[in-house]
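Heads up: the structure comes next, in structure tokens.
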Number of protein chains: 2
Amino acid sequence: MGRPPTNTKLRLLETAHELIWRNSYGAVSVDGICEKANVKKGSFYHYFPSKADLAIASIDWWMTNTIPFLDDIFSPSRHPMDRFTLLIDFIYEKQEDMRIEFGQVCGCPFITLGSELAAQDEIIGAKISAITQQKMNYYENALRDMIAMGLIDENTDVKLKAEEIYAFITGNMMLARIKNDLKFMKKSLKPSLMNLIGVDLTPADLKKLTI
Amino acid sequence: MGRPPTNTKLRLLETAHELIWRNSYGAVSVDGICEKANVKKGSFYHYFPSKADLAIASIDWWMTNTIPFLDDIFSPSRHPMDRFTLLIDFIYEKQEDMRIEFGQVCGCPFITLGSELAAQDEIIGAKISAITQQKMNYYENALRDMIAMGLIDENTDVKLKAEEIYAFITGNMMLARIKNDLKFMKKSLKPSLMNLIGVDLTPADLKKLTI
DNA sequence: TAGGTATTTGACTAAACAGTCAAATAAAGA
DNA sequence: TCTTTATTTGACTGTTTAGTCAAATACCTA
């Protein structure tokens, strides 16, 4: 009974996510989101109590969308080194797509938003921290498999190493956004990451890791 | 002849820098900066043509302030490993000071602002990219000394390694800001960085690198 | 077809926003 | 003391902002 649900809420989530990712939270207005999503302001506030709530919801929605991809990339059926190289491919391809479509390398939406708002809104800080932890769990899992396979030093502190990996990838995405340039990510991120992880590769193997 | 200069412009630069660093560009208003700096709005626009111009000027001013510290830390008279450990000390102490004073780990002001505005304003993107390069030059210089001293592999690509170092430190500062937490930076950043650089250290030496 | 309910609409507010300007003021030098 | 010049002031504008609300609408079910 009653009027059936529409895709309005989803359109707002998608639009907000895209605009905030491409620009910033502060540079995007509720009016701007509504216009792009073809939604009237009254509808906006029917679905979301505030602009900040939409931002948080859009982050949740994007992470929920991302998990199946991470589950695929970090499938235990894959060789653990392939998981990391596939992760970099996945990241690079998305960044390159956006650069082509919007003329702008956009970096990581979670980190960009978190950096902007963490100091003002501790809910968003906690949310992004949780996502960070969630991603590091995939890394830890893969690192343990690498130890089991004798690919890296068995004394590796996997929690620490996972944090290093996350910080390294994050830093590179941030710099790619600021420079609006994917050269480093394309040419060097994979071999640099393998070196950070502590995998021993021949120079010939390293060369193959350019995207 | 004429009325002598005052410190009004400097007060605006300092205040803008602090407020934008602690919060974000979008969350800070011209009115807010003026109030905190005890400057009337008319004076603001006497010194700066726009809010964006002030932000750029405050970044320049902060980098100019920072250079003497970097020159000291990266003095060729120091052992190159000490340069990097001192750099981490320098970063950590500033972050800890701000955490105590403002209750917030603030991260890197250049990167935070760059990440927020790079997509909207390419002048600021270019400015932050230049600062990034400037910092990496210090790293490269130290890395070359490390090669000369036989501390790291003589085939190390110093340009690449400097980029890795910068991305790694940047990523860690960003995560510290988002989590509002300096634990990783205090406990693990130094040894992780040494490992990334490729210095061979005994476990005992590594332990000493906690701040 | 009537009743119930979620959705949509557009006009509305009040505050905050960046930016303007002419006039007032303070100090140094002639 | 008068001129010159940089600085300061405060009142002003027009726009954009997030958020409100009562009424209208669409559609499902009984």
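The basis for the numbers below is simple: all heavy atoms, side chains too, and nothing from hydrogens, waters or symmetry mates.
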Q) Can you name the one residue among A:Lys41, A:Lys36, A:Lys40 that meets salt bridge (charged side-chain N to carboxylate O under 4.0 Å, His left out) with A:Asp31? A) A:Lys41
Q | Atom-to-atom span, CZ of A:Phe44 to C1' of D:dT17 - whole angstrom | A | 12 Å
Q: Among A:Gln133, A:Gln134, A:Lys135, find the residue that satisfies the side-chain hydrogen bond (donor to acceptor under 3.5 Å, both in side chains) test when tested with A:Asn137.
A: A:Gln133
(Q) Tell me the interatomic distance from A:Lys40, atom NZ, to D:dA24, atom C1', rounded to whole angstroms. (A) 14 Å
Q. Parallel, tilted or perpendicular: which fits the ring planes of A:Trp61 and A:His17, with parallel below 30° and perpendicular above 60°?
A. perpendicular
Q: Specify the angle, to 10°, made by the local axes at the two ends of the helix from C:dT1-D:dA30 to C:dA30-D:dT1 when five pairs are taken at each end.
A: 0°
**Q.** Distance test, side-chain N/O of B:Ser50 to OP1/OP2 of C:dA18, below 4.0 Å
**A.** no
Q | Base D:dG10 to side chain B:Lys41, donor-acceptor N/O within 3.5 Å cut-off | A | no
Q | Side-chain N or O of B:Tyr45 closer than 4.0 Å to phosphate OP1/OP2 of C:dT20 | A | no
Q) Out of B:Met81, B:Met146, B:Lys161, which one pairs with B:Ile152 under the side chain to side chain contact (heavy atoms under 4.5 Å, CB included) rule? A) B:Met146
Q: Would you kindly give the CG-to-C1' distance between A:Asp31 and C:dG10, to the nearest whole Å?
A: 13 Å
**Q.** Under-4.0 Å salt bridge between A:Asp89 and A:Lys190
**A.** yes
**Q.** Side chain of A:Tyr47 - closest among D:dA18, C:dA18, C:dT8
**A.** C:dT8
Q: On the 0 to 90° scale, with breaks at 30° and 60°, tag the B:Tyr139-B:Phe74 ring pair as parallel, tilted or perpendicular.
A: tilted
Q.
Nearest to the A:Thr6 side chain among C:dG19, D:dT8, C:dT7, which nucleotide is it?
A. C:dT7
Q | Nearest-Å distance for atom pair CD/C1', residues A:Glu35 and D:dA18 | A | 16 Å
Q. Is any side-chain N or O of B:Ser29 closer than 4.0 Å to OP1 or OP2 of C:dC17?
A. yes
Q.
From C-beta outward on B:His46, which listed nucleotide comes closest to its side chain: C:dC17, D:dA6, C:dT9?
A. D:dA6
**Q.** Whole angstrom value for the distance that separates P of D:dT16 from NZ of A:Lys51
**A.** 15 Å
Q.
Output the rounded distance in Å from CZ (A:Phe48) to P (D:dT20).
A. 15 Å
Q.
Just by distance, no angles: are the side chains of A:Ser24 and B:Gln120 close enough, under 3.5 Å, to form a donor-acceptor pair?
A. yes
